[in-house]
**Student:** 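Just dropping this structure here.
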Amino acid sequence: MANPGIVVGVDGSPDATAAMQWAVHEATMRNVPLTLVHAAARLPAGSPVLEWSGEPLPAEVVRQLDANARQVLADAAKLVDDMSRDHRLTINSELSAAGPVAALVDLSTKADLVVVGKSGHGALERALLGSVSTGMVHHAHCPVAVIRSGYSPPAQGCVLVGIDGSPASELATAIAFDEASWRGADLVALHAWTDAEVPDLPSREWAGTTRTSWTRLQSAAEATLAERLVGWRERYPDVTVQRVVVTNRPAQHLVERSASAQLVVVGSHGRGGFAGMLLGSVGTAVVQAVRAPVIVARQG
């Protein structure tokens with residue numbers, strides 16, 4: 001597939017359906033194709049690989065599993081077609097014999113964005129990421145959007161982005177400006193002095209500084225954030241930017257401010273991170289706790 005555009009995993013679960021609906025809007029907004037992917041192990045009839053009570057899985061059961069997988073994809077395609085009827089949206093469908101993570105990671109090498117539900121079939125705890133969303137935010141080669149069902153974004157919700165100066169943060173900033181521009185939304189850029197999870201103490205007690213040096217540190221942090229936004233505001237004059245500087249605990253501040261956001265964007269790893277490492281602590285906390293859609297700024 002030359003250009004899958006926006007890739008979304010479908011499995012019939014509520015979160016996957018919400019992901020699909022969000023992906024339709026995203027593909028329409030970006031004017032790129034939408035690719036629906038349902039990945040299930042499709043084995044030939046009589047395959048000895050799967051066993052049932054110690055015996056090979058009956059051929060009719062294998063055929064039924066295959067038919068069920070095809071039906072899930074067909075139902076998803078019909079729903080997307082109904083949702084996009086008023087738009088010229090190119091829709092592709094792909095039924096993969098690989099596992100869902102392997103199939104989506106492979107497509108992520110060519111996709112603009114991969115969209116997954118926060119949890120899928122078999123999820124035991126809705127607050128935790130499912131195996132597919134976990135696999136994608138750790139291994140995808142392009143940005144990943146994680147969508148949770150039952151969320152209604154504020155009518156005038158902002159796009160919220162965490163900025164810490166890391167390379168992943170730079171990509172997150174680029175994505176956030178694009179999304180804010182496409183959506184006609186304000187952008188809130190949040191920067192924390194440190195990722196430390198220290199308690200709220202009086203400012204000078206926590207830092208061991210004088211009032212003058214504390215003010216200087218605050219000014220330096222504000223200057224750092226302003227520098228990170230240089231150039232972006234000129235490229236996106238239509239986007240109104242609000243700069244927010246906090247002392248510490250960026251994850252908590254992002255989670256709290258996400259209540260008024262229609263989208264949150266975070267880097268795949270932060271200060272001190274290295275390419276290919278697991279999702280950083282801030283990103284993990286945000287993806288786990290935030291109800292709004294979250295884009296993790298990954299790149300291969």
Side-chain angles (χ1 to χ4, degrees), residues 14-15 18-19 21-26 28-30 113 115-119 126-129 133 137 143-164 168-195 197 200 218 221-222 224-226 228-229 232-233 236-268 270 279-297:
D15 279 6
Q21 294 170 333
W22 189 90
V24 169
H25 178 264
E26 189 75 8
T28 301
M29 191 171 60
R30 296 186 182 207
L113 176 73
V115 184
V116 292
K118 186 171 184 181
S119 56
R126 303 293 292 179
L128 298 178
L129 287 181
S133 50
V137 298
V144 176
V146 180
I147 312 299
R148 180 174 178 172
S149 62
Y151 177 75
S152 298
Q156 302 298 320
C158 66
V159 173
L160 174 64
V161 60
I163 295 179
D164 63 15
S169 171
E170 285 295 298
L171 177 59
T173 303
I175 292 171
F177 269 96
D178 270 341
E179 292 286 344
S181 180
W182 289 325
R183 296 164 184 271
D186 291 350
L187 177 65
V188 176
L190 186 143
H191 172 68
W193 299 14
T194 174
D195 294 346
E197 296 294 319
D200 284 329
Q218 176 74 15
E222 292 172 353
T224 296
L225 178 56
R228 298 300 177 188
L229 296 173
W232 293 108
R233 300 183 72 170
Y236 295 87
D238 58 318
V239 176
T240 299
V241 180
Q242 177 186 354
R243 301 198 301 263
V244 177
V245 174
V246 296
T247 306
N248 54 33
R249 298 192 295 184
Q252 177 178 322
H253 288 287
L254 287 168
V255 170
E256 290 173 351
R257 286 181 172 270
S258 70
S260 60
Q262 58 176 288
L263 177 67
V264 181
V265 187
V266 294
S268 56
L279 187 63
S281 60
V282 173
T284 297
V286 169
V287 175
Q288 292 280 17
V290 166
R291 291 186 57 82
V294 178
I295 293 181
V296 178

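Just so you know, these numbers use all the heavy atoms, side chains as well, and skip hydrogens, waters and symmetry mates. Since the structure is predicted, the reported quantities are computational estimates derived from the model, not experimental observations.
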**Student:** Using the test salt bridge (Lys or Arg N to Asp or Glu O under 4.0 Å), find all partners of Arg30 that sit at least two apart in sequence or belong to another chain.
**Tutor:** Glu26, Glu179
**Student:** Test Val144 against every option in Ile295, Val137, Val287, Val115 by the side-chain contact (heavy atoms from CB on, under 4.5 Å) rule and name the one that passes.
**Tutor:** Val137
**Student:** Any sub-3.5 Å donor-acceptor pair from Arg291's side-chain atoms to Gly150's backbone N or O?
**Tutor:** yes
**Student:** Which heavy atom of Ala297 sits nearest a heavy atom of Leu171, and at what distance?
**Tutor:** O-CD2, 3.6 Å
**Student:** Decide yes or no on side chain to side chain contact (heavy atoms under 4.5 Å, CB included) for Thr224 and His191, but give the supporting numbers first.
**Tutor:** CA-CA 9 Å; Thr224 296; His191 172 68; 4.1 Å; yes
**Student:** What I'd like to find out is whether the side chain of Leu190 reaches to under 4.5 Å of the side chain of Val246, using heavy atoms alone.
**Tutor:** yes
**Student:** For Pro293, does its backbone N or O pair with a side-chain atom of Lys118 as donor and acceptor, under 3.5 Å?
**Tutor:** no
**Student:** Output all residues satisfying ring-ring contact (aromatic ring centres under 6.0 Å, His included) with Tyr236, sequence neighbours left out; order by chain, then residue number.
**Tutor:** Phe177
**Student:** Got a sec, which residues hit side chain to side chain contact (heavy atoms under 4.5 Å, CB included) with Ala180, two or more places apart in sequence or on another chain?
**Tutor:** Val159, Leu187, Val239
**Student:** Go through the structure and list residues passing side chain to side chain contact (heavy atoms under 4.5 Å, CB included) with Ala189, not counting sequence neighbours.
**Tutor:** Val161, Ile163, Leu225, Leu229
**Student:** Can you name the nearest heavy-atom pair linking Pro14 to Ser149, along with the distance?
**Tutor:** O-CB, 3.6 Å
**Student:** Excluding sequence neighbours, so at least two apart, what forms side-chain hydrogen bond (donor to acceptor under 3.5 Å, both in side chains) with Gln242?
**Tutor:** none
**Student:** How long is the gap from OG on Ser133 to CZ on Arg148, to the nearest 0.5 Å?
**Tutor:** 11.5 Å
**Student:** Under the side chain to side chain contact (heavy atoms under 4.5 Å, CB included) test, which residues partner Thr240, sequence neighbours left out?
**Tutor:** Asp186
**Student:** Only pairs under 3.5 Å count here: list side-chain donor-acceptor contacts from residues 256-266, not counting sequence neighbours, and write none if there are none.
**Tutor:**
unit_1	atom_1	unit_2	atom_2	d
Glu256	OE2	Gln252	NE2	3.1
Ser258	OG	Val255	O	2.6
Ser260	OG	Arg257	O	3.1
Gln262	OE1	Arg183	NH1	3.0
Gln262	NE2	Gly157	O	2.6

**Student:** Would you mind reporting whether Ile147 and Asp15 have side-chain heavy atoms less than 4.5 Å apart?
**Tutor:** no
**Student:** Calculate, to the nearest 0.5 Å, the distance between atoms CD and CG belonging to Glu170 and Asp164 respectively.
**Tutor:** 9.5 Å
